Structures are given as C-alpha cells and as structure tokens.
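The block underneath contains the structure these notes are about, expressed in structure tokens.
Counting starts at 1 for both ligands and their atoms, in listed order. Worth saying up front: this structure is predicted, and the values here are computed from it rather than measured.
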Amino acid sequence: MTSRPLFLYALCGSQRQASTSRRLLEAMRLACPDNIAIEICDLIGALPIFNPDHEGGKTPPIVEKFAARIREADGLIVSCPEYAHGIPGGFKNALDWLVSRDEVPFKPLMFAHASHRGDLVLEQLTEVLRTMSLRIVSEAFLRLPIAGKGDEAQAEALVQALNNGLLLTSLSRFAAAISTEG
Ligand SMILES: Cc1cc2nc3c(=O)[nH]c(=O)nc-3n(C[C@H](O)[C@H](O)[C@H](O)COP(=O)(O)O)c2cc1C
C-alpha cells in the first residue's frame, strides 16, 4: 500500500531575500526523505493588514489561499527571526488572520531557528501559538545558528547539517509526533 507523503507547510518570518530563516527551511526541504514533503509559504509578505471587519464572507482571496494550504498541511514549520525582542510585524499579521478560523487548532508545529540568539521570539511565538491551540512539538526543535555568518559559511553549515543528519533527525521526530497524534 502506498500512502501520500506528509505535507509540511513552512512559514518564514523574514521577508529578506537572503534570509537565513528561509535558507534553513530550504535546506530542510532538501533533507526530506520520500515520506515527507515541504512547501515554503510565499504568501506572508503579500497578506493585507488583518482587520476583523474583513473576516467571514469578506475574507480577502489571498487569505483564503493561505488558510487553505494551512488546512491541507499535516504540520507547520515556523522559522522566524527576532525583531526588537519580539515577533516581526508581518509574521504576527499572518498569524492574526488565523486566530478566529478553524484551520490551526491542534495542528502540529515545530520551530526551526537559524540564530544563536532570538530566544525571546521563540518564547513569544510559543505563547501566541499555544493561545491559538497549535500543538508545539518541542522534541523536534531545530537550531542551526547561521545568522551573522557570511554566505559561504552559511552554505557550509547547511551542507554539514544535511550530511550529518541534524535536519533529518528533527524532521523525523516531527513526523513521528504527527503520526502518533498528541
Ligand atoms: C529590525 C531588526 C530588529 C532586530 N532585533 C533583534 C533582536 O531584538 N534580537 C536579536 O537577537 N536579533 C535581532 N535582529 C537580528 C535578526 O534577528 C537576525 O539578523 C536574524 O538572523 C534575521 O533573520 P533573517 O536572516 O531570516 O532575515 C534584528 C534585526 C532587524 C532587521
């Protein structure tokens, strides 16, 4: 019997072209075994500013598209930098669109963190996402501190993490937690 791969939707908190958070997600995508597929969300920077008056029947089409991919996902990966000791505004905006909807409650989620710093944003995201009833899989937490390194050193660290199984280990832990439910 063949079953479809687990679909993981990856949300990046940085809009920067050379984002280390995004590079980490791209490396994770390369590390996926056959039973896991990762798609990196490209909609977050294009979402309008959240307004409760624009929910329900007035929800913008791009928000519906974003929410539909979240619904289809077996799990979410969040890779988000810290800005001014908090969550980048654009990323919080994306989360705000999901608060009153039914896609995210009990959805499994793992963090992939590209910095040796930024523990405050991890704490704040944990609080916000738990409030939104997501299921954070802490044993899958992945930290690969490439922020602050040059492009070459980043690439070296990512290749090393691909080759030594660091990325695969976190993905496998996440997949196992999704499969067993919580
Ligand atoms: C506006 C701004 C504010 C930042 N504030 C913090 C901060 O409070 N704490 C921290 O550790 N890093 C801070 N940083 C550094 C970023 O978190 C760091 O550069 C991160 O790697 C950027 O992620 P990216 O490469 O995915 O864009 C800040 C960066 C910017 C641009």
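In this structure, V104 is a member of the same hydrophobic cluster as Y9, with clusters built from ILVMFWY side-chain heavy atoms closer than 4.5 Å. I36 is not connected to L109 by any chain of hydrophobic side-chain contacts under 4.5 Å among Ile, Leu, Val, Met, Phe, Trp and Tyr, and they are in different clusters. Under the 4.5 Å side-chain heavy-atom criterion for ILVMFWY residues, no single connected hydrophobic cluster contains both L76 and L171. I77 and L95 fall into different hydrophobic clusters, where Ile, Leu, Val, Met, Phe, Trp and Tyr residues are linked whenever their side-chain heavy atoms come under 4.5 Å apart, directly or through other members.
Each of the atoms 24 (P), 26 (O), 27 (O) of ligand 1 lies under 4.0 Å from some heavy atom of S14. Ligand-side atoms of ligand 1 in range of S21: 23 (O), 24 (P), 26 (O), range being under 4.0 angstrom from any heavy atom. Listed by number with element, the atoms of ligand 1 under 4.0 angstrom from any heavy atom of G118 are 11 (O). Every atom of ligand 1 is numbered from 1 in the order shown, and the set under 4.0 Å from a heavy atom of R16 is 24 (P), 25 (O), 27 (O).
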Salt bridge (charged side-chain N to carboxylate O under 4.0 Å, His left out) assessment of D42 paired with R69: CA-CA 11 Å; D42 273 324; R69 287 313 267 160; over 6 Å; no
Residues F174, L6; criterion side chain to side chain contact (heavy atoms under 4.5 Å, CB included); working and verdict: CA-CA 10 Å; F174 192 38; L6 277 186; over 6 Å; no
From CA spacing to verdict: salt bridge (charged side-chain N to carboxylate O under 4.0 Å, His left out), R71, E64: CA-CA 10 Å; R71 182 183 299 286; E64 292 291 4; over 6 Å; no
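Closer than 4.0 Å to atom 19 (O) of ligand 1 lies none of the heavy atoms of the protein. In this structure, atom 7 (C) of ligand 1 has a protein heavy-atom contact shorter than 4.0 Å.
Proximity of H85 to ligand 1, defined as any heavy-atom pair under 4.0 Å, is shared by backbone and side chain alike.
Contact between A114 and ligand 1 is absent, with no heavy atom of the residue lying under 4.0 Å from the ligand. The closest approach between a heavy atom of S115 and any atom of ligand 1 is not below 4.0 Å.
The nearest protein atom to atom 5 (N) of ligand 1, hydrogens excluded, is given as A84 N, 2.9 Å; this is a heavy-atom distance. Summary of contacts: the protein heavy atom closest to atom 2 (C) of ligand 1 is Y83 CD2, 3.6 Å. Scanning the protein heavy atoms around atom 9 (N) of ligand 1, the nearest turns out to be E82 OE2, 2.9 Å. Protein heavy atom at the shortest distance from atom 10 (C) of ligand 1 is R117 NH2, 3.1 Å.
Looking only at side-chain heavy atoms (C-beta outward), T20 and L144 stay at 4.5 Å or farther from each other. Between R22 and E26 there is a side-chain heavy-atom pair separated by less than 4.5 Å.
The aromatic rings of F111 and F141 sit perpendicular, their planes meeting at an angle over 60°, well past the 30° parallel limit.
The residue from C12, A147, P81, G86 that puts a heavy atom closest to atom 21 (O) of ligand 1 is A147.
Looking at R22 next to ligand 1, no N or O pair under 3.5 Å apart turns up.
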